[in-house]
Number of protein chains: 2
Amino acid sequence: MNPSEAMFSKNAGLTGLPGYALRRAANAMMADLAGRLASIDLRISDSAVLQVIGERTDMTSSEIGKVLEIQRANMAPLLDRLESAQLIRREPIDRKSQAVVLTQHGLEQLATIRRVVLEFEEDLMARIPARHRPHFLPALRALMD
Amino acid sequence: MNPSEAMFSKNAGLTGLPGYALRRAANAMMADLAGRLASIDLRISDSAVLQVIGERTDMTSSEIGKVLEIQRANMAPLLDRLESAQLIRREPIDRKSQAVVLTQHGLEQLATIRRVVLEFEEDLMARIPARHRPHFLPALRALMD
DNA sequence: TATTGTTATACTCTATAACTATA
DNA sequence: TATAGTTATAGAGTATAACAATA
């Protein structure tokens, strides 16, 4: 069923439209992941930041934002939160920039995050019928920007 | 590349994770659609509601909410907006329930919405490489609930 | 008793504008 | 001049709790 068929079908409703289905799938996925991360008191975006700085050290706030498509302005309160939770430290690079680095506690939490996220991603893929599975990520990446 | 490979690859970053890619793709899609609907002064959820009541007449607010997974509490201000814009009317069914019906202006706007959304959905699918395309909607629907 | 509609409230993600200080 | 970090503010989607009125 292509979009035009879906729009005029009485059966499928909006769920026959890829855009609408994409939104609903993403919402369900976010709710699931948010629930799993709530047990370690983190938001989805918190965990994304921690995962990024766990792989690339000495990144500035702006660089993290570019990688994750988080606005500079929104990085500040996010990092404030992570700093309050003792998960990261801001270390001066020069008098303008600062590196965002994991604390010991942050490093420990990152191990948990990786475990939670990996299990989450595997559960997610497991719900997709096998014949469609290998096509899912390539399709998403084509839409990502 | 499966999730576990992606988690420990230095190259792909988080975009190798289907869940993260799903979130990014949905955000990009929503921004695109929101932009197209802004020209007719509607939000994405406004257009979804109008599309639904354009196909099934005499639906109550609660019923629309169930179909679109919009909380009852969030339907009220949404319908207030649509009513202020003269796109819908609330008509009493009994002393408790009311049907949400399209006005003449709502019916005219719906024609535009259908055109905009159909073009949007086609553009969206066109960005996905052909070999992945037929698998996209089935995969999303498997994740939808 | 369960449901409808509503109000109030809050959280998360995202977005823009504007300011400062420094590269 | 451009960039880094920040503050303030707003919009949009989603969520829960609670209430009155009615089925």
Side-chain angles (χ1 to χ4, degrees), chain A residues 14 19-20 22-38 41-49 58-84 88-100 145, chain B residues 14 19-20 22-38 41-49 58-84 88-100 145:
Chain A
L14 295 187
Y20 183 75
L22 175 55
R23 179 180 164 208
R24 286 272 294 259
N27 285 347
M29 176 278 293
M30 299 264 288
D32 180 352
L33 181 55
R36 300 188 192 210
L37 290 172
D41 235 68
L42 292 176
R43 300 181 187 176
I44 292 178
S45 43
D46 295 338
S47 85
V49 168
D58 276 11
M59 291 181 80
T60 66
S61 171
S62 294
E63 287 165 348
I64 298 167
K66 272 170 198 149
V67 171
L68 294 177
E69 285 192 347
I70 299 175
Q71 310 278 330
R72 235 172 41 255
N74 295 324
M75 285 299 299
L78 196 165
L79 293 179
D80 286 347
R81 242 190 357 263
L82 295 179
E83 198 166 36
S84 297
I88 61 142
R89 252 193 329 269
R90 288 161 156 126
E91 292 186 347
I93 293 177
D94 51 34
R95 275 184 305 178
K96 185 178 167 188
S97 301
Q98 31 195 337
V100 179
D145 34 31
Chain B
L14 295 188
Y20 183 75
L22 175 56
R23 180 181 163 205
R24 287 272 294 259
N27 285 348
M29 176 276 294
M30 300 262 289
D32 180 352
L33 180 55
R36 301 188 192 211
L37 290 172
D41 234 67
L42 290 177
R43 301 182 188 176
I44 293 178
S45 42
D46 295 339
S47 84
V49 167
D58 276 12
M59 290 180 80
T60 66
S61 171
S62 293
E63 286 166 349
I64 298 167
K66 273 170 199 151
V67 170
L68 294 177
E69 284 192 347
I70 299 174
Q71 310 278 331
R72 232 169 46 250
N74 296 325
M75 285 300 299
L78 196 165
L79 293 180
D80 287 346
R81 251 197 341 273
L82 295 179
E83 197 166 38
S84 296
I88 61 142
R89 253 195 327 271
R90 288 161 157 127
E91 292 186 346
I93 293 177
D94 51 35
R95 276 183 304 179
K96 183 177 166 188
S97 301
Q98 32 193 338
V100 180
D145 36 29

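Proteins come first, then strands; the chains are lettered A, B, ... in the order of their sequence lines, and each starts at number 1. The structure displayed is predicted, hence computed values, not measured ones.
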Protein-nucleotide distance ([X], atom [atom1]; [N], atom [atom2]), rounded to Å:
| X | N | atom1 | atom2 | value |
| --- | --- | --- | --- | --- |
| Ile64(A) | dG5(D) | CD1 | C1' | 12 Å |
| Arg81(A) | dT7(D) | CZ | P | 14 Å |
| Leu78(B) | dA8(C) | CG | P | 17 Å |
| Met30(B) | dA12(D) | CE | C1' | 8 Å |
| Leu42(B) | dA12(D) | CG | P | 11 Å |
| Met75(A) | dA15(C) | CE | C1' | 16 Å |

_Candidate pair Glu91(A) and Gln98(A), rule side-chain contact (heavy atoms from CB on, under 4.5 Å), full reasoning_ = CA-CA 5 Å; Glu91(A) 292 186 347; Gln98(A) 31 195 337; over 6 Å; no

*What is the distance from atom CG of Leu42(A) to atom CG of Leu37(A), rounded to the nearest 0.5 Å?*
6.0 Å

*Between atom CE of Met59(A) and atom OG of Ser97(A), what is the distance when rounded to the nearest 0.5 Å?*
12.5 Å

*Answer yes or no: does a side-chain N or O of Lys66(B) lie under 4.0 Å from OP1 or OP2 of dT3(C)?*
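Result: no.
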
*asked:* Tell me if the CG atom of Asp94(B) is crowded by more than 12 foreign heavy atoms within 6.0 Å.
replied: yes

*Return the 5'-most residue of the pair Leu79(B), Arg43(A) with respect to DNA chain C, ranking by each residue's nearest nucleotide.*
Leu79(B)

*Reading nucleotides 14-22 of chain D 5' to 3', which nucleotides get B (base under 4.0 Å from a protein heavy atom), which S (sugar-phosphate only), which -?*
BBBBB---B

Side chains of residues 62-80 of chain B: which donor-acceptor pairs under 3.5 Å do they make with residues two or more places apart or in other chains?
from     : atom 1 : to       : atom 2 : distance (Å)
Glu63(B) : OE1    : Thr60(B) : N      : 3.0
Glu69(B) : OE1    : Arg24(A) : NE     : 3.2
Asp80(B) : OD1    : Arg90(B) : NH1    : 2.9
Asp80(B) : OD1    : Arg90(B) : NH2    : 3.0

*Residues two or more places apart in sequence or in another chain: which of them pass salt bridge (charged side-chain N to carboxylate O under 4.0 Å, His left out) with Asp32(A)?*
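With neighbours one apart ignored, the set is Arg36(A).
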
*Please tell me which of the listed nucleotides, dC13(C), dG5(C), dA12(D), lies nearest to the side chain of Ile44(A)?*
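That would be dC13(C).
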
